[in-house]
Each structure stands twice: as structure tokens, then as C-alpha cells.
Amino acid sequence: MSKETVDTYKANWWSRLTQSRYFVYILVSPLFLILFAYVIYPFYTTFVQSFAGDDKLANYTKFFSLESTANLEALWNSFYISVISVVCCAIVGVAMAFLLERYDFPGRRILSVLVLVPMALPPLVGVLSFTFLYGESGIFPRLFQQLLSLEDVPFSLKGIWGVIVVHTFTMYTYFYLTASAAIKGLDPSLEEAATSLGASRIRVWRKIILPMLTPSLIASSLLVFMVSMASYTAPLMFGVERTMTMQIYLSRTNGNLDMAATQSTILSIVSITFLLIMRWYQNRRNYQNLSKGVSVHRSEVSSKPLKYLAVALSFIGTLILILPILVLVLISFSKDGAWTIQILPTEYTLDHYKALFTDERTWRPIWNSLQMGFIATVGNIIFGVAAAYAMVRLSFKGKTMLDILITIPWALPGTVVAVNLIAAFSTESVFTFNQVLIGSFWILPLAYFIRHLPLVFRSTSASLMQLDQSVEEASRSLGATWWYTFRKIVIPLTLSGVLAGTLLAFVQSIGEFVASILIYNTSTIPLSVAIFQKLYAFKFGTACAYGVLQIILILIVLIISERLSKGSAGSAI
């Protein structure tokens with residue numbers, strides 16, 4: 001058989017294969033395989049382990065037992081904290097959105113920039129700053145204790161209410177972002193018509209404004225509830241042991257892996273349930289603005305007393321928003337061990353910042369995080385872009401399932417992801433090429449890959465949806481292959497969205513603490529765990545220097561991501 005005949009046969013065979021209706025399943029099968037291996041299989045292993053022992057239901061019986069109520073208290077506390085966090089975040093976020101979008105007053109511009117500052121604080125660093133500011137040994141409690149000549153501090157953040165305050169400060173941005181977008185689209189003619197017909201301001205709010213904001217409020221509520229249920233850092237720092245994430249951590253560190261698996265399974269069910277509710281609601285027909293009026297314009301505050309009040313409140317609001325970062329910067333220059341009972345540190349040094357890049361032991365966690373974050377992010381790019389293209393451009397059965405499977409790791413708490421990986425990969429497995437991953441270098445990059453995959457997937461999907469498919473069809477009609485079209489047209493035109501998601505995934509990997517604390521080893525200590533260790537060794541200066549480095553990196557990434565995605569990076573998340 002001649003070479004020409006062989007080439008013709010191969011070309012015909014490839015053409016028949018690519019035109020087959022089953023070819024798409026060949027393309028998407030690796031995506032399902034990876035999700036099965038590293039999302040479903042670990043979750044299934046944890047689920048099976050929760051039924052370990054002769055009495056298959058022993059762990060669940062113990063969990064729901066009224067004789068030892070620690071687990072039930074943890075479940076109730078997590079639920080209670082999440083509900084109160086939703087209410088507080090809604091009040092702060094919607095009020096800020098309405099204030100900044102509907103009124104123009106002195107200080108509005110700077111406040112509208114600083115209102116997003118909490119997004120630049122990694123969870124551990126954010127809680128750390130609140131502890132230094134308002135904790136029992138914090139700056140403000142000590143200040144008022146000295147001013148009032150008291151034996152004890154008059155107030156401090158601790159316990160459940162400390163957790164709720166931190167949640168409110170760090171999570172109100174979810175409500176603010178969605179409410180701001182909704183308020184911008186409100187038609188003022190609807191309110192004017194209602195007012196002209198005699199409706200009071202309260203009735204206008206109740207009958208017009210709130211219904212129009214309902215889709216945004218419900219989506220944000222479900223999101224905040226889900227994130228609050230997964231919260232680990234705030235309960236850890238404020239000493240609230242009776243939450244689900246803390247109970248999982250305690251069970252794991254005490255060697256009770258079966259109970260940790262049970263607790264993880266129950267928390268996973270709660271988290272996935274709320275994820276499905278959120279997806280169901282977002283797919284429903286929402287309230288829509290069908291009028292033809294223009295969007296709302298800001299009203300200038302004309303009253304002098306109100307202007308003075310606005311200036312004062314803007315100053316207070318600005319101070320509250322930037323204080324957590326300012327206190328971290330201040331303490332990062334303090335000498336380790338020199339700040340004990342004083343209100344502010346008394347001795348300062350530049351040694352912590354010098355050590356970040358010159359001392360091998362100090363630099364090692366930074367290098368570890370950069371290495372592991374880079375590896376995880378490369379995996380996120382390859383898989384996330386492929387999955388996004390399959391979801392947006394290909395037609396096949398199981399698209400909804402693929403979307404849910406990719407989103408599940410984002411809904412699962414970091415503690416649950418870590419427990420799932422421990423349960424699945426503590427022994428040799430075909431998915432790890434007969435290697436034990438727990439205790440190895442690769443377990444942390446795998447955890448980061450799983451946790452942050454949705455960031456690249458969502459950001460790329462958003463860019464692909466904005467790309468007209470006719471551009472690709474024109475390229476193919478001119479004789480270009482699919483691969484050539486993908487490389488030369490699809491990737492360049494969607495690159496901004498891909499890079500936005502990639503940068504966010506990378507910086508999240510560097511700051512990941514919740515999953516890291518359960519599966520790191522001495523040779524792979526990441527930056528977040530190093531901060532935690534320095535804090536508990538009373539090396540506050542070094543811990544805060546690490547924290548400032550994280551904040552700077554996150555701020556740079558957020559600015560670049562927003563510019564690349566033209567403001568769509570936040571919505572993609």
C-alpha cells in the first residue's frame with residue numbers, strides 16, 4: 001500500500017471520527033475522568049469511611065446523640081452564625097451600595113474605592129488584623145482600659161459574636177457588589193410614578209425597590225450562608241470550637257478519622273444543598289426591569305448639616321475600612337517579643353522584611369507557596385479552559401452534571417476537601433499511579449487545583465460567551481483546522497478572561513490556609529501556615545510582614561484582573 005493511500009485512509013478515518021456524533025464524548029471524557037478521580041472518588045471514600053466499623057451507623061448515631069451534644073451544638077452554631085452573618089452582611093452591603101450609588105456627597109469617591117478593601121484580605125490575615133485591633137489584648141480594648149483606668153478591658157471581640165463581626169466585615173462585599181449592579185439598573189421613572197401617585201417612601205422601597213433587588217439579595221444570601229458554613233479561620237482565632245469546621249479539625253488532629261469523615265459528609269451535604277438551591281434560583285425567571293426609562297442618577301446632598309454629617313461618616317467609614325491593613329503594616333515593623341502589654345509596639349525594625357528574601361528559613365514558606373501555587377494554576381488553566389470550551393461550545397448530554405461537578409469543590413469547605421484527600425490518597429491508588437500522596441509534595445498542589453478550578457472555569461466561560469461563534473465558523477469555512485482556529489482565534493480573543501481567572505486562582509492558592517493546615521508537612525510548609533505558626537510563637541512582626549506581602553500581591557492581582565476582564569472578574573467569581 002502506497003504512502004498516499006495510507007495518508008488518504010488516515011484522513012478519511014479522522015474525518016469520519018470527528019464528524020461522528022459520539023466524537024464529542026471522546027473529547028469530554030478526560031474532563032469527567034479527572035473530576036471523578038479527584039472530586040467524586042475522594043468524596044465517596046470519605047462517605048464510605050463514615051460508615052466504618054461493625055455498626056455501620058455508629059458514627060452517625062454518635063453525631064446525633066443527645067448524650068454527647070458537641071456535634072449537634074457545632075451544627076447549630078454553624079447554622080446560627082451563618083444566618084446572622086447573612087443578615088448583618090445584607091444590612092451593611094445593601095446600605096453601602098444604596099448610599100454610594102444613589103447619593104453624591106463629600107468623600108463618596110474615596111469611600112467607593114475603599115469599600116472593596118476587605119477583598120484584599122486573605123481570611124487568616126483578615127482575622128489576624130481584627131484580633132490585633134479588637135481582641136482581648138487588642139489595641140482599642142487596651143486603649144480604653146488605660147483611658148478609663150479600668151482593671152480589665154471594657155470590651156473585646158471573642159466567641160461567636162467575634163466571628164460574626166469578622167464575617168460581616170469580610171463578606172459584606174458579596175451583597176455590595178450584587179446590590180450595586182442591581183441599583184445601577186433601576187429605572188427612576190418607576191419610583192417617580194409611584195411617588196406621583198401618592199406612595200410613601202417606605203411603600204416605594206417595599207413595593208418597587210426591594211422586589212427589583214430580590215434576585216441579587218437571594219443569590220448573595222445563599223453565597224454568604226455557604227461561605228459562613230465553611231468558615232474555619234475566624235472560629236479558630238476566636239476560640240469557638242463548637243462549629244462544624246473546627247470539629248472536623250479536632251477529630252482529624254485527635255486521630256478520630258471515622259468521625260471526621262462523618263462530620264465532613266454532613267457538612268458537605270449542607271454545602272452542596274445550598275449550592276444546588278443557588279443554581280436553581282439563578283436559573284429561575286428573575287424580576288426584570290421592563291420599563292424604558294434611563295438608569296438611576298446620584299442625588300447630590302444639598303443640606304449643609306447633612307453634608308457635614310456625610311463628611312464625618314465618610315471619614316469614620318474610611319478609617320474603619322483601612323485600619324485592618326494599617327495595623328498589619330504597623331505591627332510588621334515591630335520587634336518580635338517586644339509588644340506585650342503596651343497599647344502599641346514600642347520597638348521597630350526592618351529586619352522582618354529583610355528576612356523575607358534573605359533568610360532561607362523565612363523565605364522557604366514563600367517559595368513553597370509560589371511553587372505549589374504555580375503547579376496548581378497550570379493545571380487549572382489546562383483543565384479550566386478545556387471544560388469552559390466544552391460547556392460553551394459543545395453540545396452533549398451531561399453538560400449540567402459537568403458544570404455541577406466543577407462547582408462542587410468551590411462549595412465544599414477547605415477542611416472537607418482536605419479530609420476527602422486524606423481518606424482517598426493515604427494509600428496507593430490507580431489515580432495517583434500507585435503512589436501515596438498524603439505526606440508528599442504533590443498533595444497540596446492537588447488540593448489547590450481542586451479548590452480553585454472554578455475560578456478559571458467561570459472566568460473563561462464568561463469570555464467565551466461574549467465571543468460570537470460565527471468568528472470560529474468563518475475560520476473553519478476558510479479551511480482552517482479546529483486546532484488552528486482554537487490557537488489563533490479563540491485563545492487570543494478570550495485571553496483576558498483566562499488570565500483574570502488564572503491570576504485569581506494563583507493568588508488564592510498562595511493564601512490558602514484551611515486545606516493546608518490539615519495536609520502540609522514540615523518540608524512543604526506554605527505561607528499561610530507559616531503565618532499561623534509565627535503568630536502562635538508570638539512572632540507578631542514576622543507574621544504581619546508575611547501578611548503584608550500577601551495583601552500587596554492580592555492587590556496587584558485584583559487590579560490586573562479587573563483591567564484584563566474589564567470589570568467581569570468579580571462577577572465570574
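Start at 1 with the first residue, then count along the sequence. Keep in mind that the numbers below use all heavy atoms, side chains included, and drop hydrogens, waters and symmetry copies.
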How long is the span from the [atom1] atom in [X] to the [atom2] atom in [Y], to the nearest 0.5 Å?
X: Thr542; Y: Asp359; atom1: OG1; atom2: CG; answer: 9.0 Å
X: Ser334; Y: Phe540; atom1: OG; atom2: CZ; answer: 8.5 Å
X: Ile40; Y: Ile34; atom1: CD1; atom2: CD1; answer: 13.5 Å
X: Leu527; Y: Leu553; atom1: CG; atom2: CG; answer: 9.5 Å
X: Ile375; Y: Leu444; atom1: CD1; atom2: CG; answer: 10.5 Å

Is there a donor-acceptor pair under 3.5 Å between the side chain of [X] and the backbone N or O of [Y]?
X: His167; Y: Val227; answer: no
X: Asn521; Y: Ser523; answer: yes
X: Ser251; Y: Ile248; answer: no
X: Asn380; Y: Val456; answer: no
X: Lys158; Y: Phe238; answer: no
X: Thr262; Y: Asp258; answer: yes
X: Ser82; Y: Met229; answer: yes
X: Ser440; Y: Leu437; answer: yes
X: Thr245; Y: Ser231; answer: yes
X: Asn368; Y: Ile525; answer: yes

Heavy-atom side-chain contact between [X] and [Y] under 4.5 Å:
X: Leu464; Y: Met391; value: no
X: Leu549; Y: Tyr353; value: no
X: Tyr174; Y: Cys89; value: no
X: Pro122; Y: Ser528; value: no
X: Met246; Y: Thr415; value: no
X: Ile531; Y: Gln550; value: yes
X: Phe130; Y: Leu133; value: no
X: Ser129; Y: Ile325; value: no

Phe433: partners by ring-ring contact (aromatic ring centres under 6.0 Å, His included), with sequence neighbours left out: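 Residues passing ring-ring contact (aromatic ring centres under 6.0 Å, His included) with Phe433: none at all.
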Pairing residues for Phe63 by the ring-ring contact (aromatic ring centres under 6.0 Å, His included) criterion, not counting sequence neighbours: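 ring-ring contact (aromatic ring centres under 6.0 Å, His included) list for Phe63, sorted by chain: empty.
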Taking the ring centre of each residue, are [X] and [Y] less than 6.0 Å apart?
X: Phe449; Y: Tyr38; value: no
X: Phe457; Y: Phe383; value: no
X: Tyr249; Y: Tyr232; value: yes
X: Phe51; Y: Phe47; value: yes

Plane angle bin for [Y] and [X] - parallel if under 30°, tilted between 30 and 60°, otherwise perpendicular:
X: Phe225; Y: Phe79; answer: perpendicular
X: Tyr176; Y: Tyr172; answer: perpendicular
X: Tyr41; Y: Phe36; answer: tilted

Does [X] have more than 12 heavy atoms from other residues, nucleotides or ligands lying within 6.0 Å of its [atom1]?
X: Phe441; atom1: CZ; value: yes
X: Trp367; atom1: CH2; value: no
X: Lys399; atom1: NZ; value: yes
X: Glu241; atom1: CD; value: no
X: Phe64; atom1: CZ; value: yes
X: Phe431; atom1: CZ; value: yes

Polar side chain donor-acceptor pair, Arg242 to Ser78, under 3.5 angstrom: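 Side-chain D/A pair, Arg242 to Ser78: absent.
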Closest contact, heavy atoms only, [X] versus [Y]:
X: Ala355; Y: Thr362; result: O-CB, 3.3 Å
X: Ser332; Y: Ala545; result: CB-N, 3.5 Å
X: Met372; Y: Thr524; result: CE-O, 3.7 Å
X: Leu405; Y: Pro409; result: O-CD, 3.2 Å

Full working for side chain to side chain contact (heavy atoms under 4.5 Å, CB included) between Thr243 and Glu73: CA-CA 7 Å; Thr243 64; Glu73 286 179 35; over 6 Å; no
All side chain to side chain contact (heavy atoms under 4.5 Å, CB included) counterparts of Ser221, not counting sequence neighbours: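 Partners of Ser221 under the side chain to side chain contact (heavy atoms under 4.5 Å, CB included) test: Val86, Phe175.
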With Ala74 via side chain to side chain contact (heavy atoms under 4.5 Å, CB included) - residues at least two apart: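 Side chain to side chain contact (heavy atoms under 4.5 Å, CB included) list for Ala74, sorted by chain: Met244, Gln247.
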Intermediate values then yes/no, side chain to side chain contact (heavy atoms under 4.5 Å, CB included), Leu124 and Leu128: CA-CA 6 Å; Leu124 177 60; Leu128 187 64; 5.5 Å; no
CA sep, side-chain torsions, deciding dist, call: Val270, Met226, side chain to side chain contact (heavy atoms under 4.5 Å, CB included): CA-CA 8 Å; Val270 174; Met226 201 161 56; over 6 Å; no
From CA spacing to verdict: side chain to side chain contact (heavy atoms under 4.5 Å, CB included), Val529, Gln533: CA-CA 6 Å; Val529 175; Gln533 290 179 339; 4.0 Å; yes
Partner of Ile381 under side-chain contact (heavy atoms from CB on, under 4.5 Å), chosen from Thr502, Thr460, Leu499: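 Only match with Ile381 under side-chain contact (heavy atoms from CB on, under 4.5 Å): Thr502.
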Identify all side-chain donor-acceptor contacts of residues 507-516 below 3.5 Å with residues at least two apart in sequence or on another chain.
| unit_1 | atom_1 | unit_2 | atom_2 | d |
| --- | --- | --- | --- | --- |
| Ser509 | OG | His452 | ND1 | 3.1 |
| Ser509 | OG | Ala505 | O | 2.9 |
| Glu512 | OE1 | Arg451 | NE | 3.4 |
| Glu512 | OE2 | Val514 | N | 3.2 |
| Glu512 | OE2 | Ala515 | N | 3.0 |
| Ser516 | OG | Tyr448 | OH | 2.7 |
| Ser516 | OG | Glu512 | O | 3.0 |

Considering only distance and modelled atom types, tabulate donor-acceptor pairs under 3.5 Å from the side chains of residues 419-427, sequence neighbours left out.
| unit_1 | atom_1 | unit_2 | atom_2 | d |
| --- | --- | --- | --- | --- |
| Asn420 | OD1 | Thr46 | OG1 | 2.7 |
| Asn420 | ND2 | Val416 | O | 3.4 |
| Ser426 | OG | Ile422 | O | 2.4 |

